[in-house]
Enquirer: 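Got a structure for you, questions after.
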Amino acid sequence: QVQLVESGGGLVQAGGSLRLSCAASGGTFSSYSMAWFRQAPGKEREFVAGIGINTLYSNSVKGRFTVSRDNAKNLIFLQMNSLEPEDTAVYFCAATRAVLGLMPGHYDYWGQGTQVTVSS
């Protein structure tokens, strides 16, 4: 059983930056593909970025967000730059033993989420 805990969310003005972290425990971290999803009020949970054998980004964040991981410390990160009000959402960390996927159902483990709010 893998436990995931996100941190680093907050309130930021448009154009600003935030760095999210996700700490994993209870499994062999390096063997998991890891991803960030987000969910805005009234919307479905959507894929943001992921890192496994390769990295993937949604078109809406490509060039602004960077996903990375530190296998020695069981951490993944999401560096978010040039934030826009449309990025406002709860951001979730997720893990799968499979390769990266774009759908929430592809992932076995989830964190509780961290709120990111971008003001205009």
Side-chain angles (χ1 to χ4, degrees):
Q1 187 78 7
V2 175
Q3 292 81 44
L4 303 172
V5 178
E6 304 93 336
S7 61
L11 173 64
V12 64
Q13 288 189 332
S17 298
L18 281 175
R19 188 192 196 206
L20 304 184
S21 300
C22 173
S25 61
T28 306
F29 180 70
S30 60
S31 67
Y32 287 85
S33 298
M34 303 296 297
W36 290 96
F37 283 76
R38 67 187 180 187
Q39 188 165 19
K43 295 189 176 182
E44 294 185 350
R45 192 169 297 190
E46 64 172 358
F47 177 87
V48 174
I51 183 165
I53 297 172
N54 55 349
T55 56
L56 289 176
Y57 295 93
S58 70
N59 288 336
S60 62
V61 307
K62 196 174 295 184
R64 300 188 298 124
F65 291 10
T66 302
V67 61
S68 61
R69 66 192 296 166
D70 184 338
N71 287 337
K73 296 182 179 180
N74 289 6
L75 292 168
I76 72 163
F77 307 99
L78 185 67
Q79 178 66 44
M80 306 186 294
N81 299 328
S82 302
L83 282 161
E84 304 167 351
E86 293 74 22
D87 296 316
T88 295
V90 177
Y91 283 69
F92 297 90
C93 172
T96 177
R97 291 185 180 90
V99 297
L100 287 173
L102 302 180
M103 301 305 293
H106 185 75
Y107 292 82
D108 304 305
Y109 305 102
W110 292 86
Q112 82 291 347
T114 186
Q115 176 71 47
V116 171
T117 302
V118 184
S119 63
S120 58

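No hydrogens, no waters, no symmetry mates; every other heavy atom, side chains included, goes into these values. Model, not experiment: these values are computed from the prediction. Along the sequence shown, the residues carry numbers beginning at 1.
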Enquirer: Strictly by disulfide (SG to SG under 2.5 Å), give each pair with a member in residues 47-86 just once, sequence neighbours left out.
Expert: none

Enquirer: Determine which pairs satisfy disulfide (SG to SG under 2.5 Å) with at least one residue from residues 19-108, sequence neighbours left out, and list them in order.
Expert: C22-C93

Enquirer: Please list, chain by chain and in numerical order, all residues satisfying side chain to side chain donor-acceptor pair (under 3.5 Å) with Y91, sequence neighbours excluded.
Expert: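 Here the qualifying residues are R38.
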
Enquirer: Is there a path of hydrophobic side-chain contacts, each under 4.5 Å between heavy atoms of I/L/V/M/F/W/Y residues, joining L4 to Y107?
Expert: no

Enquirer: Closest heavy-atom contact between V67 and W36?
Expert: CG2-CD1, 3.9 Å

Enquirer: Give me the atom names and distance for the closest heavy-atom approach of R69 to S30.
Expert: NH2-CA, 4.0 Å

Enquirer: Go through the structure and list residues passing side chain to side chain donor-acceptor pair (under 3.5 Å) with S58, not counting sequence neighbours.
Expert: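 In terms of side chain to side chain donor-acceptor pair (under 3.5 Å), with neighbours along the sequence ignored, S58 is linked to S60.
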
Enquirer: Ignoring hydrogens and geometry, is there a side-chain-to-backbone donor-acceptor pair from S33 to A98 under 3.5 Å?
Expert: yes

Enquirer: Return the minimal non-hydrogen interatomic distance between G9 and V116, and the atom names on each side.
Expert: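 That closest heavy-atom pairing would be CA-CG2, 4.1 Å.
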
Enquirer: Among pairs that include at least one residue of residues 7-17, which meet salt bridge (charged side-chain N to carboxylate O under 4.0 Å, His left out), considering only residues two or more places apart or in two chains?
Expert: none

Enquirer: With a 4.5 Å limit on heavy-atom distance, are the side chains of D108 and V2 in contact?
Expert: no

Enquirer: What about L78 and L18, same hydrophobic cluster or not, with Ile/Leu/Val/Met/Phe/Trp/Tyr joined at side-chain heavy-atom distances under 4.5 Å?
Expert: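 In one cluster with L78: L18, yes.
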
Enquirer: Once side chain to side chain donor-acceptor pair (under 3.5 Å) is applied, do any residues pair with T117, and if so which ones, sequence neighbours excluded?
Expert: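 Counting only residues at least two positions away or on another chain, T117 forms a side chain to side chain donor-acceptor pair (under 3.5 Å) with Q115.
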
Enquirer: My understanding is that only residues two or more places apart in sequence, or in another chain, count here; which of them pass side chain to side chain donor-acceptor pair (under 3.5 Å) with N74?
Expert: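 For N74, no residue satisfies side chain to side chain donor-acceptor pair (under 3.5 Å) once neighbours in sequence are set aside.
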
Enquirer: Test of understanding: with salt bridge (charged side-chain N to carboxylate O under 4.0 Å, His left out), list the residues that count as partners of E86, not counting sequence neighbours.
Expert: none

Enquirer: Which residue pairs pass the disulfide (SG to SG under 2.5 Å) test when at least one of the two sits in residues 49-81, sequence neighbours left out?
Expert: none

Enquirer: Heavy atoms only: give me the nearest A40-T88 pair and the separation to one decimal.
Expert: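 Where A40 meets T88 most closely, the heavy atoms are CB-O, 3.7 Å.
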
Enquirer: Which distance, rounded to the nearest 0.5 Å, do you find between the CD of E84 and the OG of S120?
Expert: 12.0 Å

Enquirer: Scan residues 53-80 for pairs that pass ring pair (Phe, Tyr, Trp, His ring centres under 6.0 Å), counting only residues two or more places apart or in two chains.
Expert: none

Enquirer: Between A95 and Y32, what is the shortest heavy-atom contact and its length?
Expert: CB-CD2, 4.0 Å

Enquirer: Could you give the distance from CZ (F92) to CD (E46), rounded to the nearest 0.5 Å?
Expert: 12.0 Å

Enquirer: Looking only at heavy atoms, what is the nearest atom pair of L83 and R64, with distance?
Expert: CA-NH1, 3.9 Å

Enquirer: Test of understanding: clusters of I, L, V, M, F, W, Y form through side-chain heavy atoms closer than 4.5 Å, transitively. Do V48 and V5 belong to the same one?
Expert: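 Cluster IDs for V48 and V5 differ.
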
Enquirer: Side chains of E6 and L20, heavy atoms from C-beta outward: is any pair under 4.5 Å?
Expert: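 No, too far: nothing below the 4.5 Å cut-off.
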
Enquirer: Quick one: side-chain hydrogen bond (donor to acceptor under 3.5 Å, both in side chains) pairs with a partner in residues 15-28, sequence neighbours left out?
Expert: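 Checked against side-chain hydrogen bond (donor to acceptor under 3.5 Å, both in side chains) - neighbours excluded - the pairs reaching residues 15-28 are Q3-S25, S17-N81.
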
Enquirer: Just jot down the ring-ring contact (aromatic ring centres under 6.0 Å, His included) partners of F47, sequence neighbours excluded, or say none.
Expert: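 For F47 the ring-ring contact (aromatic ring centres under 6.0 Å, His included) partners, ignoring immediate neighbours, are F37.
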
Enquirer: May I ask you to test the F29-I76 pair for a side-chain heavy-atom distance under 4.5 Å?
Expert: yes

